[in-house]
Amino acid sequence: MNTNVKTKIKKKRNQSNYRALLLPFAVVIILIAAVIWNNVRQETKLPDPDWSRSISTPAQSISAEPTVIKRDDQYYAYTHQKDGLQVTTLDEKLNLLSEKKENLALDERASYWTNGKQIAFISRGELILYEDGKQTVIDKDVDLLADAKDRFAYSKGNEVFVYMPEDGKSQSIFTAKEKLSEISGHPASQSFILTVGEKVEMEAFYLKEADGKYSAQSITRYSKTPTDKIYNFRFAEADDQVHFMYTFYSSKQGTKTFKTFYGAAPTDQLTAIDFSNVKLYSSKLGYEIENPSYQQLNVENNKPIILFAAKGPISTKKEAGNIYKATLNGDKWEAARISTTSDFSVYPIQVDEKTIAWLKAESVSDYRLYLASKDSEIKSASKKIGKQDLYTATFDAFTAFVVSFIAMTNAFIWVVPSVLFLGILYFVRIDVIEDEKPWAKWTAIALFVITQLYVIQSLFNNTFYTLAPKYLTFTGSSFIIPMIVSAIALWVMQVARDKDWGLFAQVSYFIGLTVLFELFVVGTYVY
């Protein structure tokens, strides 16, 4: 044979081989891009129409409740670190303005109080007031501290004191029968709530402030066992109504259970508070959220709201310890997710009517302050695609591709009828195979497509219709999508095939392409 003819044939074969590789590769790239883009859209979705995505700050902390104060259109975040407090200043759009460190010897995870100028904290039993670089010991043998609107309370054994920064004096406001186990205030109130007793009977008292004086009212008693307790008492005031909340914890046979109880009563009827179990229901998820923790109680538009942390989905495939906001509508608590952070989030706090802050776990001992806002500009800015969004979307996509191989194991069944048909034909009518009769090829392809349509229905399950984008979840998609994928695979086979390809090669190439394309179109969303 002429050398030039051989060269031309070799070139044509090489071009055919390139087409056989490049065309499927191009289709796969398009399918991968579609999956990644769907993941990006999931990553940049708002957690709720009213709230922005989570906004990171450089404020770091140990596992201790932060404090965020808004003053003069700026936010001042105080986070507890091992050797003091970090003060992070943000502008009204939550952009960083400044950072500084106050080296203070706070007890680990102890509460502190600040009004933006002064900081009160407990250090080895001493109550210290810090201002302008100077530290003054206010009292000694102090156990607990709780902040309020413009003052703070602290306990020594079974006695409670309130400190007024204006006159720099402390006064005793309550004496209990036993040592206090818990005391807390509210940033919008001058009152306090405290609990007494830890072993046999626990009792909660509400210390109501009026005209500079405090009166104590018992609001509940509880006879405890060694495996349960009530704690985390919170309150919020609105007009003449006082709202209360506490957490019930029990541990039985290694299972830990957390329940929230809520009650409210007019100020002059606090002896008749009816506490009821709070069922936190998410209409978006369609079920009750269990084991809430780190609850905070506030009042918004004269309605009580609860901020809390709980495990739940952050996207169609991922779960995290999220921050939720629940509002009481009638007798039902409707919860909406606020955070979009991964891992676990704790200590949610209401900064103002448009801003919520919390800590997100970066590791076992390190946390970072995050915020979410209702501000329309902040919401729009938070939806912009960032490098982390692209990285997460791509990583999740390739993880899904690996898992999708499991979903596609039923593809082995798809090929059985075609293989049996060609095998029988090979032994019975080998001349049909050798002559590459078109009807044999199209019959084998038709058997594969029909079998695929029947078997693939199991992959179009509830998970698929939950995870897949809308353009794959229309009515009849379980039949139409496989047909479209088969048509594309057939077109690629017809364009890429070489004249030297035999019947077996063409059918095998078509089957391989179809399975490959289905892996990315369907298998990715099955698990």
Worksheet item: What's the shortest heavy-atom distance between R151 and V162, and which atoms?
Response: CD-CG2, 3.7 Å
Worksheet item: Which atom pair, heavy atoms only, marks the closest approach of S52 to S382?
Response: CB-OG, 3.6 Å
Discussion item. With a 4.5 Å cut-off on side-chain heavy atoms, are Y347 and S63 touching?
Written reply: yes
Worksheet item: Are the side chain of Q190 and the backbone of A148 linked by a donor-acceptor contact shorter than 3.5 Å?
Response: no
Worksheet item: Which residue pairs pass the ring-ring contact (aromatic ring centres under 6.0 Å, His included) test with at least one member in residues 355-393, sequence neighbours excluded?
Response: none
Practice prompt. For G168 and Y163, work out which heavy atoms get closest and say how close.
Written response: CA-OH, 3.2 Å
Worksheet item: Taking T57 for the side chain and L369 for the main chain, is one N or O donor matched with an acceptor at less than 3.5 Å?
Response: yes
Worksheet item: Is a donor on one side and an acceptor on the other found under 3.5 Å between the side chain of T79 and the backbone of S61?
Response: no
Response to the item:
dist Y262:OH -> I273:CD1 (nearest 0.5 Å) comes out at 10.0 Å
Worksheet item: Quick one: does R53's side chain get under 4.5 Å of L46's, heavy atoms only?
Response: yes
Worksheet item: Is it true that Y78 and Y112 have ring centroids separated by less than 6.0 Å?
Response: no
Discussion item. Could you measure the distance from the CD1 atom of I314 to the CD atom of Q42? Nearest 0.5 Å is fine.
Written reply: 11.0 Å
Fill in: Residue from V40, V35, N39 passing side-chain contact (heavy atoms from CB on, under 4.5 Å) with W37
V40
Worksheet item: For the side chain of T114 and the backbone of Q118, is there at least one donor-acceptor N/O pair under 3.5 Å apart?
Response: yes
Worksheet item: Hey, are E182 and K229 close enough for a salt bridge, meaning a charged N less than 4.0 Å from a carboxylate O?
Response: no
Discussion item. So which atom in G125 and which in D107 form the shortest heavy-atom distance, rounded to 0.1 Å?
Written reply: N-OD2, 4.1 Å
Item to complete: Measure the shortest side-chain to side-chain distance between Y324 and P292 over non-hydrogen atoms and say whether it is less than 4.5 angstrom.
Response: no
Item to complete: Mind checking the OG1-OH spacing from T88 to Y76? Nearest 0.5 Å is all I need.
Response: 12.0 Å
Worksheet item: Between the side chain of N291 and the main-chain N/O of F258, is any donor-acceptor distance below 3.5 Å?
Response: yes
Worksheet item: With distance as the sole criterion, is a donor-acceptor pair present between the side chains of S181 and T195 under 3.5 Å?
Response: yes
Discussion item. Under a 4.0 Å threshold between the charged nitrogen and the carboxylate oxygen, would K374 count as salt-bridged to E353?
Written reply: no
Worksheet item: Does the side chain of L194 come within less than 4.5 Å of S155's, by heavy atoms?
Response: no
Worksheet item: How long is the gap from CG on L85 to NZ on K101, to the nearest 0.5 Å?
Response: 9.0 Å
Worksheet entry | Side-chain (S191) to main-chain (E209) donor-acceptor, under 3.5 angstrom | yes
Worksheet entry | N/O donor-acceptor pair under 3.5 Å between D389 side chain and E43 backbone | no
Fill in: Q350 vs I305, side chain to side chain contact (heavy atoms under 4.5 Å, CB included): CA-CA, chis, key distance, verdict
CA-CA 10 Å; Q350 182 97 28; I305 63 169; 3.3 Å; yes
Worksheet item: Is the F401 ring parallel, tilted or perpendicular to the F520 ring (thresholds 30°, 60°)?
Response: perpendicular
Practice prompt. Tell me yes or no: between the side chains of E300 and T327, is some donor less than 3.5 Å from an acceptor?
Written response: no
Worksheet entry | D375 side chain to E377 backbone, donor-acceptor under 3.5 Å | yes
Worksheet entry | From CZ (F308) to CG (L280), nearest 0.5 Å | 4.5 Å
Item to complete: Kindly check if the number of other-residue, nucleotide or ligand heavy atoms within 6.0 Å of CG (D240) is above 12?
Response: no
Worksheet item: Parallel under 30°, tilted from 30 to 60°, perpendicular over 60°: which one fits the rings of F464 and Y525?
Response: perpendicular
Worksheet item: Side-chain contact, heavy-atom cut-off 4.5 Å: Y206 with V242?
Response: yes
Discussion item. Q60 vs Q81, test: side-chain hydrogen bond (donor to acceptor under 3.5 Å, both in side chains). Steps then yes/no.
Written reply: CA-CA 7 Å; Q60 295 179 313; Q81 298 184 340; 4.8 Å; no
Fill in: N/O donor-acceptor pair under 3.5 Å between R337 side chain and D48 backbone
no
Discussion item. Using 30° and 60° as the class boundaries, would you call the ring planes of F235 and H186 parallel, tilted or perpendicular?
Written reply: tilted
Worksheet item: For Y214 and F192, which heavy atoms make the closest approach, and how far apart are they?
Response: OH-CE1, 3.6 Å
Discussion item. Rounded at 0.5 Å granularity, tell me how far OG in S251 sits from CG in D228.
Written reply: 9.5 Å
Practice prompt. Answer yes or no: is there a side-chain heavy-atom contact under 4.5 Å between K311 and E319?
Written response: yes
Worksheet item: So, Q74 side chain and T89 main chain: donor-acceptor pair closer than 3.5 Å or not?
Response: no
Worksheet item: Would a 4.5 Å heavy-atom cut-off, applied to side chains only, mark L145 and F121 as touching?
Response: no
Worksheet item: Does one side chain, of S404 or T524, offer a donor that lies under 3.5 Å from an acceptor on the other?
Response: no
Worksheet entry | Within-4.5 Å side-chain heavy-atom neighbours: N38 and R41 | yes
Discussion item. Could you report the tightest heavy-atom contact between L180 and A176, atom names first, then the distance?
Written reply: CD1-CB, 4.1 Å
Worksheet item: Considering residues at least two apart in sequence or located in another chain, which fulfil the side-chain contact (heavy atoms from CB on, under 4.5 Å) criterion with T220?
Response: A204, F233, F275
Worksheet item: With distance as the sole criterion, is a donor-acceptor pair present between the side chains of D352 and Y75 under 3.5 Å?
Response: yes
Worksheet item: Does a side chain donor of either Y465 or S477 reach within less than 3.5 Å of an acceptor in the other side chain?
Response: yes
